[in-house]
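For the single chain, residues carry numbers from 1 onward in sequence order.
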Amino acid sequence: MNSMLRKEVRRDEERELAHSILSPRAPTLVPPGFDPSNIDTLLNQLNEDNQFAPPINRSNQQRLEALYASGEGNQIDNNEQNQNLSLIQRLALISTRVSGEDLTDVCPMTGVKQQQIIEEVPPVINKWKPIPQSQPEPEKKQTSSCGTNTNDMPVRIITPTVKPITKPPVVKREPPKSSTVFIDLRDFEKTRQEQQQSIERVQRILHVSGDRDSSDDSDDEVDTWQKQRQKMKESLKSKGLHAEALPSKPKPHGPVKKPQRVLNLDHVIDSRVRTQPQTVIETVQLSEEDMEARLRAEQEEKEKQRKIEEARKLREQRETERQARIRLSKRLEALRPSAAVSGKQDSAEGTPVVFDIEASYEPAPRTLPPTLGQDHKCLLLTIHLSSNGEIILHRGKSRSADTGVGLSASYTVLLSWLLSLVPHDFTFLQKEEEDNTPLPFYVLGLQQECMDEQLCLQVAVAAPRDYDKQMNLKTKKSKVKDEMKGCTAFQHFVTKFLSTNTLHSVCPWLVDMVSVEVPCSQVDSVTDKPTYVYRPPLPNITTKPLSTFIQVNPDQQAAQKVFNSSVGFFWQTIDSDEAFCDQNVGEVNYDTQVTMSLIYRKIFYDPRAMMGICNRILQEGLDLAGVRLLYPTSELISLASGPSVSNDNSQTDVLNSIGPVLAISLRGTFARSIWLDAVGPSDPVLARRTDPNSLCALFGGESRDECLLFCPRNASRVQTELSRWFGGRVPPGGSVDVGTPYTRKDTYRSGSPKGRKGRKSSLSDTKDNDINATIHRPPAALTATTKNDIFLVLSPHVPPKCMGIVLSTCQRRGYQIRGVRRSKLNTKKANLLGISGETVPTFCPGALHNDGVTDQCKHTESVYPCTLILLQKENASHGVASLIEACMVQLTLQGIMGTIQQQASLYLSSKHMFHAARYSDSLLSQLGGDFSKCFDFDVQVNPNCILPKLYTNPEVEQIVVLLLLGNQILKSCGLFIGKILHMVPYSKTVTVLPLKEGFELLGIKWVPSLSISQAKDVTPYEVGDRGWKENLHTLTTEPALVLVLRGINAFKRMEQVIPRPDPKSGHMDYLMSRTAEEAYSFTRAFYTDKELYGDLHSRPLLPYLPLSKVVHTQAANDSIIIRSEALKESIFHVMTSGPQLITTLLIIKPRAVKHHLPKIIKKIIQEGFRVIAMRFQILPDEDIQYILKTDENMDSEIADKTMDYLKSGPSLCLVLQRENAVKKLIDLLGPSDPSSARRQSQFLWRGTFGLDTVTNAFHGSMNYIKALEDQKTFFPDGLCCKSTEYLDSEQILCPAEDSILDIKYQMNREIVVHDPSEHPDAPDYILMETTCLVFKPPLITIKRDSTYGYTDLIDGLVTHGFEIYGCRMVWFTQEQAEHFLHVIDAGSFKQVPLITSGPCIVLCLQRDNAILAFDSIMGSDYGADSLIGKYGEMIFRPADTKQAHKMLMFFFDKLIPGGQCEILSKCPTE
C-alpha cells in the first residue's frame, strides 16, 4: 500500500516537473491559412522506421526509376526529395511555406546561420530550392496514325513508334574524402546568440512557448510510445501503404533522454557534401588496407548501380516496346474486316486479328525452300475453291467438282496426293545430277489463301534437274497447239499429265480404303449378334480429269511472286454460293472455335496416314480454314515443341533433317475441344494405351520426343501458333500494310444493292467499280465462309422421339434451327428435294402405285409424315454429309436402328433415313412456305368465344405445351429435348435423365419471334403486372421453339423439370402451360390440326388403349407396325373430348372369393371402377386353358396346380369399366408372385390377398387387345352398360340381352331340393333356405356416400352368414321385366321403367331362415342405419319358398354345386 502511494506521489512530481518544462498549451502545427489535408498526405507517406531522424532510403531509387520510365521523372524531383524527410522536417517545411519565414540559412544542428560559419566550402544543394539545371529542348513527340485516304491512297499504313526515353537529371556528388576535422571556437558567444534567435524563429512558427531541457521518460510513456507506433503502422496498412516491421523501442535500463525539440533540416543534404565548422584540427590517419577496402567497396557499389541502371533501361525499353505492340494490336482490331468479301453478310464469327506481340515480330517461315535458286524452273498450279474444302471447276458452267451425293473427299485426297510429292531430299536443287525419281514433279510450295477476293489452293511444282532436256527430246516431233507454243517442256508435260489423269489414277492407295462398321447395342437373343450393323459409305471422290480443276499458270515467275508475298493479319470471309433464309433472329453466338496442328513430314509423306487425318477432319465436321507447307528454321521448330537440330548444319542439311512442316488450321463449333479429343494425348505411347483410335496413337510416332503431330492445348497458345504460322509480320521499320478492310453493304434480300434497283448504270458507278478494282489487300492465309441454309429431311422411319438426338448432333456441329415442319410428302415434292430412285418409297410410303409413278400419284400424299428441318451454319452444305453420318452412328449406338430395321423389309442405310437439300426460296415455297408461319386463330374464329373447362386426368395422358425462349437456350436445346423425350445422344459419360418416362412429341415449331396475340396468350403475367410489358417485349423480339408434348401426368412431371417463372426476374428461358385450358390455347396459337402427329413408338400407354387395335405387334421380335388409321387422330379433338372409358376383365379366384370378396369389391369401387358384367361360377376346363395360355413362360407343374386350384371352387368373373382401366388394374394387381408384390409395395392386391404363384387371388387382362378377347370369351352375350364408340367398333353388344334368363323357365327348368338327411353333420340344415335377391339399378349405378349400395349389401350378407351359390348381372328388356314382375306377383308393371334403366344384380343365397327371417337378419325396417332401412326398397326378395324357387329358375340355368337346391334342365318331351 505504501509503495503504491509512493509511486503515485512520484508520478505527481514528475507530472509537475513536465508542466514546468513544457508549455501548458499543446504545440500546434496549424497556423492561419494552413490546409489540414497536408497532414493526411504526410501521414500517408510517412516512413515508420525512423520518425525522429532521416529515414533509411531503401526504395527511392526503384521508385524514381519507375517514374522516370513513365516520363514523369522531371516533374517529381521535388516531391521525391521531400519524401526523404522525416515527419518533423516535412511539418517544418509546410509551416515555413505557410508562415512566410525562411529557415534555409539556419543550421539544423546548431541554429547558426550557415553563410556566417561556412567559408570556402563548395556550394551546397539546398533541398528546398534545387539548383536549376539546363533542360534539354523537348523532342517533337511522334504519333501513330491509321486510316485510309479515299482519294489516291487506298492502303492503310500503321506506323508504331516507341516513346523516347527521357533520362532524369543526375547530380554528380563527390565521394567523401578523408580529411582533418577542425572545430572553430572563435566568437562562441556571438554564435550562440544567433542560434538562439534562429530557434526562437522556429518556435514562433510552430507556436511553441519555449525550449526547455528534456526530462526522462517514464515506463508508462515508453508503453504509450510503442502503442502509438503500432497504431500508426496499422493505419498505414489499412490505407494500402507498405509498412515494414520496425524494431520495438527497448525499455531503458536507466534514465532515457527525450529528443530535443530541434528541427534537423540538414539530413536532406547528402552527407558526402556536408561541411562542419573547421576551427580545431584533428588528424585522422587511415591504414592502406582500409583505404583499399573502401575503394573496392565503392567500385563494387558503382558496378552494382551500373548493372541496376542497365537492367532498368532494358526493362523500360521492353515495356515501352510491349505497350507499342499492344497499341498496334488494338489498331489492327479496329481495322478488322466487318463483312464478307461481297459485303452482303457480316464477317464470320471467331475471326480475331492474327497478331501476337511476340510471334508477329519473329522471322516469318519460308513458303519455298531457301535453297531454291532463281534458275530452277518452278510452276504455279491453282485450284479454285468455292468454300473451305469445296473444289470448283475452272472450265465449263458446272461449279462443283463433286457430282455425287454424300460425303465428299476430293479436296482431302488432292491434298494427300500433292503432299506425297514433296521431295524427301532437297539436294537436287543445288547439285547438277540426274534425278531418276518416279514422281511426275516435285511439290515445293503449297498454301490455301484468299487472294484478289478468290479462295484457292496455290501449289508450286518443280522439275528435277535435266528434266527440260529430256522433255525437249520427247516433244520435238509432236505437234503442239498454238496456245502451248512458247511454253517450256515441263509445262507441256504437266499440262498433259493433268489432262490424262484423275485422282483415282494418281492415288492407287484409294482401293485400300474401307469403312469401319458400327454395331448396334441390341443383340439378338437367338443368334447372339447385333440386330443391326451400320456400314458407312465411302466418301465420294471426283472422277473428272485433274485439268478440269487444276489450272497451270503460264507465267514462269508466278510461283515466286505468289509464295514470296507476305500474308496479312486478318481472316477473310468468303461468300458461299449457297442461299440463306434471311430471318431477323438477333446476334447468335455459334461457339465457333479455331485450332491448328503441325504435321511433320513422316506423316504427310505417307498418303494413307495423311488421308486418315483428313478423313477424321471430315467426320468431325470441321473446316480446313488454312493449309500451308512451310520451311521453318530450327529455332522456329523448337518454339513449337518440334525436333531440335544443330545450328551448325547447312541449309540443305537442315531441310533434309527437318524438312517442311504442314500447318493446318481448323474451325468449327467447339473445334478446339473436338480436335483435342481426336488427336488424343501428346505422348504416343500413352495414347495407344488410353485412346487407341486417336491420331497420336495411330500416326504419332514411337515416343513423346518423336511426336509427329503437334496441337496446342489452350486458347492463348492457339492464338500464338496461328500468328506464328499463318499471320503476317511487322517489318523492322514498323510500317504495316493492312489494306482496305471489307465493310457491310446494304442489300436487298435478292442480293442487289439498295437504292440501285431499276436504275441505269452511271459514270459514278463505273468510277466506284474502278476504285474497287484498284484496291489492294494482302493475301489472307486464314479464311472462313459465310452462313447458308440447308434442308435436312428425316424419313418416316426416324421416330419423333429421336428428335433430341438429331438436334443435339446438329448443334454439336454448329447447325442452328431456323425452321421445323412435319409434313406428308408426295413424289413431286420428293423430286424437288432431290429424292429419287429407290429412296422415294422410303420417304413417301403409300404414295406410289404398283404400276410406278403416274401423274395421279405425283400429288398423292404419303401415309406417314416426314420431318423437315431448316438448318443454318457456316459452310453448311459442305459439312451436311458428315452430319448425316453422325446421326446414323448415334441412332445405331443407341439401339434405335436395331428396332427400326426389324420393321423394314430391306437394309436401311443413311440414304433411307436422312436426306439433305440446299436451300432456295423457290424450294421453300414448293414445300408450303415459311416453316414458322402460324395460323391466326383470332381471325378465323370468333375471338369472343370462351373456351369451356376441359377435362383432364393425371392418371392418363395429358397434353402440355412447352416454349424454349431465347438464342442462348436454343443453341443447346437438343440435349434438353432429348432428356424430355427420354432419348439422349450416346456418350461415354452417363447422362442423368430427369424423368422415368419420356413424353410423346406431337409437334415442334421454330418461330423467329412471337406475334402480339401469341405473346398475350402465353405470357404468365396479367395485364397491369409489373413485368407484363417487359415480358411481351421479350417474347416478341426473341426466337422460340414451341413443343407440344403428351404424357402421363404431364403437367406435374413437366413442372419437375421446368420451374415456375419468377415474377421478379426479367428473362424467362422456359414457359409451359399449367392447365388443360392453357395447353389448348397455346396449341391453337401456333399449330393447325394437320401439323400435329402422334408418335406411337413413344406412348407407354399404347398397349392399354383402343388405338393399339390399329397397331400390329409381331410377337417374334416385338416390333410395331403402324397402320395408317393410327395417324388419323385429331389432337384438338382429344384435348376437347371427355373421359375415354374402356373395359377390362378381372377374375377373382376361389380362395379370395371365399375369404375376401367384400373387401375386394370395396377396393374395386374405391379405385373408380364400375362393374358392368358379373358371373359367379366354377370355371370350365376350356376357360382355364384359355387363362393359362396368357402366360407362355409358366412352368408345366405350376400350370397343373393352377388348373386344379381353379376347379376347386367358384370364381367371380367381372368386367370393369374405367378410364385407362387396363393399365390401372395391372398396376393395382402387381406381379404374379405375391411375395414379389409385397416387396414392391404393401398396397398391391396380389400381395394383400394372395399366398403364392398359384393362389395369387387374381387374373387380369394384360393389354387392351387381350381384354377384348377375354370379354368376348367369358361374356359372349355382351356387357351391361351403355354403348360406346370403342365397344361398337369391336361388335360387343351393349346393353347385353341375357340368354340365360328364361321366360319359359317352367317348361325348360326344374329345381331340386336336397333332403336334409343327406347332411347329418349340419344340425341347422333343417332350417336351411335358399333365396334369390334382385338389386335394382339404383344400387348399381348411383353412388351414396362415395360407394354403391350393392357393395354394402354384399358385405352385410356375407357378414350375416349368407353363402353365395349364384351371382349374375342382367339388364332387363321390356319383355323380361314384365315376366319378372309377374313371377314375383308385383301386381302391376309400374316398375318396368326402373328395372330396365340399368343393370341389376341377381344373387342366390343360402342360410337358415334366409326367406322367412331375411328382414330381421339384415336389420329392422325402422332402423336408419340398418341395411334394410337404407336399401330395402331397392331389393326384390321372395315372400316364400315357392316364389324363391320360381325366381331361381327364371334367372339361373345352374347353381354352384353343394347347395340345398339344384337347377336341372327338363328333357324335351317326344
Backbone N/O of Thr783 and side chain of Asn388: donor-acceptor pair under 3.5 Å: yes

Minimum heavy-atom distance between Gln816 and Leu970, given as atom pair plus value: OE1-O, 3.6 Å

Side-chain (Tyr986) to main-chain (Val889) donor-acceptor, under 3.5 angstrom: no

Val518 vs Met888 side-chain heavy atoms within contact, under 4.5 Å: no

Main-chain N/O of Glu362 paired to Arg729 side chain as donor or acceptor, under 3.5 Å: yes

Main-chain N/O of Ser360 paired with Ser723 side-chain donor or acceptor, under 3.5 Å: no

Heavy-atom closest contact (Val594 atom, Ser665 atom, distance): CG1-OG, 3.7 Å

Any residue meeting salt bridge (charged side-chain N to carboxylate O under 4.0 Å, His left out) with Arg713, in chain and number order, not counting sequence neighbours: none

Side-chain donor-acceptor pair present, Ser1009, Glu1038, cut-off under 3.5 Å: no

For Tyr742 against Ala340, the heavy-atom pair lying closest together: CB-O, 3.4 Å

Sequence-distant partners of Asp591, salt bridge (charged side-chain N to carboxylate O under 4.0 Å, His left out), two or more places apart: Lys971

Glu874 side chain to Thr785 backbone, donor-acceptor under 3.5 Å: yes

Any donor-acceptor N/O pair, Thr595 side chain to Ala671 backbone, under 3.5 Å: no

Lys/Arg N to Asp/Glu carboxylate O, Arg336 vs Glu333, below 4.0 Å: yes

Taking every non-hydrogen atom, the tightest pair across Ala359 and Thr720: CB-O, 3.8 Å

Check: Gly389 main-chain N/O paired with Gln448 side-chain donor or acceptor under 3.5 Å: no

For Cys810 against Leu871, the heavy-atom pair lying closest together: SG-CD1, 3.7 Å

Lys/Arg-Asp/Glu bridge criterion (N-O < 4.0 Å) met for Lys787, Glu349: no

Pairing of Glu449 and Arg628 as salt bridge, 4.0 angstrom limit: no

Donor-acceptor pair, side chain of Gln719 and main chain of Val353, under 3.5 angstrom: yes

Residue among Thr743, Val341, Thr573, Thr786 satisfying side-chain contact (heavy atoms from CB on, under 4.5 Å) with Ser347: Thr573

Plane angle bin for Phe931 and Phe791 - parallel if under 30°, tilted between 30 and 60°, otherwise perpendicular: tilted

Min side-chain heavy-atom separation Phe699-Leu708 under 4.5 Å: no

